[in-house]
Amino acid sequence: QVQLVESGGGLVQAGGSLRLSCAASERTFSSYAMGWFRQAPGKEREFVSRITRGSGATYYGDSVKGRFTISRDNAKNTVYLQMNSLKPEDTAVYYCAASHALGVAIREYDYWGQGTQVTVSS
């Protein structure tokens with residue numbers, strides 16, 4: 001059982017930046033594909049970004065491409081999401097998740113964190 005704990009959320013003005021972190025309890029963290037998702041009130045959970053195990057290839061949702069950067073530090077069992085040029089529409093609860101598989105689809109994620117709130121004011 002992998003435990004994931006997100007941190008780094010908060011309130012920021014539009015145009016600002018935040019860096020989310022997700023610490024994993026599992027020592028085999030490097031064997032998981034990791035993803036970030038978000039969910040705004042009344043909306044479905046949305047894919048934000050993912051990073052593969054091994055090569056660390058990265059992928060982004062269209063709404064965050066060019067503004068957000070995902071990275072991982074396997075030595076620290078941590079995945080990060082650097083969020084720049086934040087917009088009010090980025091306001092949501094952000095979740096990290098771990099997948100035994102490729103992590104392409106949300107259903108492939110086996111473990112989820114509790115989420116961290118990001119609020120962007122206009």
Side-chain angles (χ1 to χ4, degrees):
Q1 183 77 15
V2 178
Q3 293 184 328
L4 302 171
V5 180
E6 302 99 334
S7 61
L11 174 64
V12 64
Q13 288 188 331
S17 298
L18 283 174
R19 187 195 195 202
L20 305 184
S21 300
C22 173
S25 62
E26 181 59 53
R27 286 180 294 177
T28 58
F29 171 79
S30 62
S31 67
Y32 291 90
M34 298 298 297
W36 285 98
F37 297 81
R38 66 187 182 186
Q39 189 166 19
K43 295 188 176 181
E44 292 188 355
R45 195 163 293 191
E46 174 191 20
F47 166 74
V48 175
S49 182
R50 66 183 179 95
I51 185 167
T52 64
R53 54 182 178 270
S55 67
T58 59
Y59 303 86
Y60 298 93
D62 289 341
S63 61
V64 307
K65 204 170 293 183
R67 299 187 297 122
F68 290 11
T69 302
I70 190 172
S71 61
R72 65 189 299 162
D73 185 338
N74 290 333
K76 295 183 178 180
N77 292 351
T78 301
V79 62
Y80 304 97
L81 186 68
Q82 178 67 43
M83 305 186 296
N84 298 330
S85 302
L86 282 161
K87 305 175 182 179
E89 51 263 44
D90 293 318
T91 295
V93 177
Y94 283 70
Y95 299 90
C96 73
S99 172
H100 287 286
L102 295 177
V104 175
I106 191 170
R107 65 180 180 275
E108 295 180 12
Y109 287 85
D110 306 288
Y111 306 104
W112 292 82
Q114 82 288 350
T116 186
Q117 176 70 47
V118 171
T119 302
V120 185
S121 63
S122 56

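No side-chain donor from either of Asp73 and Thr78 sits under 3.5 Å from a side-chain acceptor of the other. A donor-acceptor contact closer than 3.5 angstrom links the side chains of Arg38 and Ser63. No hydrogens or angles considered: nothing links the side chains of Arg50 and Tyr59 as a donor-acceptor pair under 3.5 Å.
Note that the CD atom of Glu44 and the CD1 atom of Ile106 stand 9.0 Å from one another [nearest 0.5 Å]. One distance of note links OG of Ser85 with NZ of Lys87; it measures 8.0 Å at 0.5 Å rounding. Between the CZ atom in Arg53 and the CZ atom in Arg72 there is a gap of 9.0 Å [rounded to 0.5 Å]. Note that SG of Cys96 and CD of Glu6 are 4.0 Å apart. Values are rounded to the nearest 0.5 Å. Taking CZ of Arg27 as the reference point, atom CG of Asn74 lies at 15.0 Å (rounded to 0.5 Å). Atoms CE and OG1, on Met34 and Thr58 in that order, are 14.5 Å from each other to the nearest 0.5 Å.
A pairwise comparison of heavy atoms in Val93 and Gln117 identifies CG2-OE1, 3.2 Å as the closest pair. The two atoms that bring Gly56 and Thr52 nearest to each other are N-OG1, 3.2 Å, heavy atoms only. A pairwise comparison of heavy atoms in Thr28 and Ser31 identifies O-OG, 2.6 Å as the closest pair. The two residues Leu102 and Ser99 have their closest heavy-atom pair at N-OG, 4.2 Å. Closest approach of Ser49 and Ile70 over heavy atoms only: OG-CG2, 3.1 Å. Taking every heavy atom of both residues into account, Gln39 and Lys43 meet most closely at NE2-O, 3.1 Å.
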Side chain to side chain contact (heavy atoms under 4.5 Å, CB included) for Leu20 and Met83? Distances and angles first, verdict last.
CA-CA 8 Å; Leu20 305 184; Met83 305 186 296; 3.7 Å; yes
Start with the C-alpha distance between Tyr80 and Arg19, add both sets of side-chain angles, then the distance that settles side chain to side chain contact (heavy atoms under 4.5 Å, CB included), and finish with yes or no.
CA-CA 7 Å; Tyr80 304 97; Arg19 187 195 195 202; 3.5 Å; yes
Which is it for Leu86 and Asn84 under the side chain to side chain contact (heavy atoms under 4.5 Å, CB included) test, yes or no, and what are the steps along the way?
CA-CA 5 Å; Leu86 282 161; Asn84 298 330; over 6 Å; no
List the steps, then state whether side chain to side chain contact (heavy atoms under 4.5 Å, CB included) holds for Val2 with Asp110.
CA-CA 9 Å; Val2 178; Asp110 306 288; over 6 Å; no
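Seen from the ring of Tyr95, Arg45 counts as a face-on cation partner, given the 6.0 Å and 45° thresholds.
Cluster membership for Val12 and Tyr94, using ILVMFWY side-chain heavy atoms within less than 4.5 angstrom, is shared. Cluster membership check: Trp112 does not share its hydrophobic cluster with Val118, using side-chain heavy-atom separations under 4.5 Å among Ile, Leu, Val, Met, Phe, Trp and Tyr. Cluster membership for Phe37 and Val64, using ILVMFWY side-chain heavy atoms within less than 4.5 angstrom, is not shared. The hydrophobic clustering, which links ILVMFWY residues whose side-chain heavy atoms are closer than 4.5 Å, places Leu81 and Tyr109 apart.
Few gaps surround CD on Gln114; more than 12 heavy atoms of other groups in view lie less than 6.0 Å from it. For Lys65, the NZ atom sits in a packed shell: over 12 heavy atoms of surrounding residues, nucleotides or ligands are nearer than 6.0 Å.
Side-chain N or O atoms of Thr91 include one that pairs as donor or acceptor with a backbone N or O of Val120 at under 3.5 Å. For Thr116 (side chain) and Gly9 (main-chain N/O), a donor-acceptor pair under 3.5 Å exists by modelled atom type.
Aromatic ring centroids of Phe68 and Trp36 lie 6.0 Å or more apart.
Ring orientation note: the planes of His100 and Tyr32 are tilted relative to one another, at an angle of 30° to 60°.
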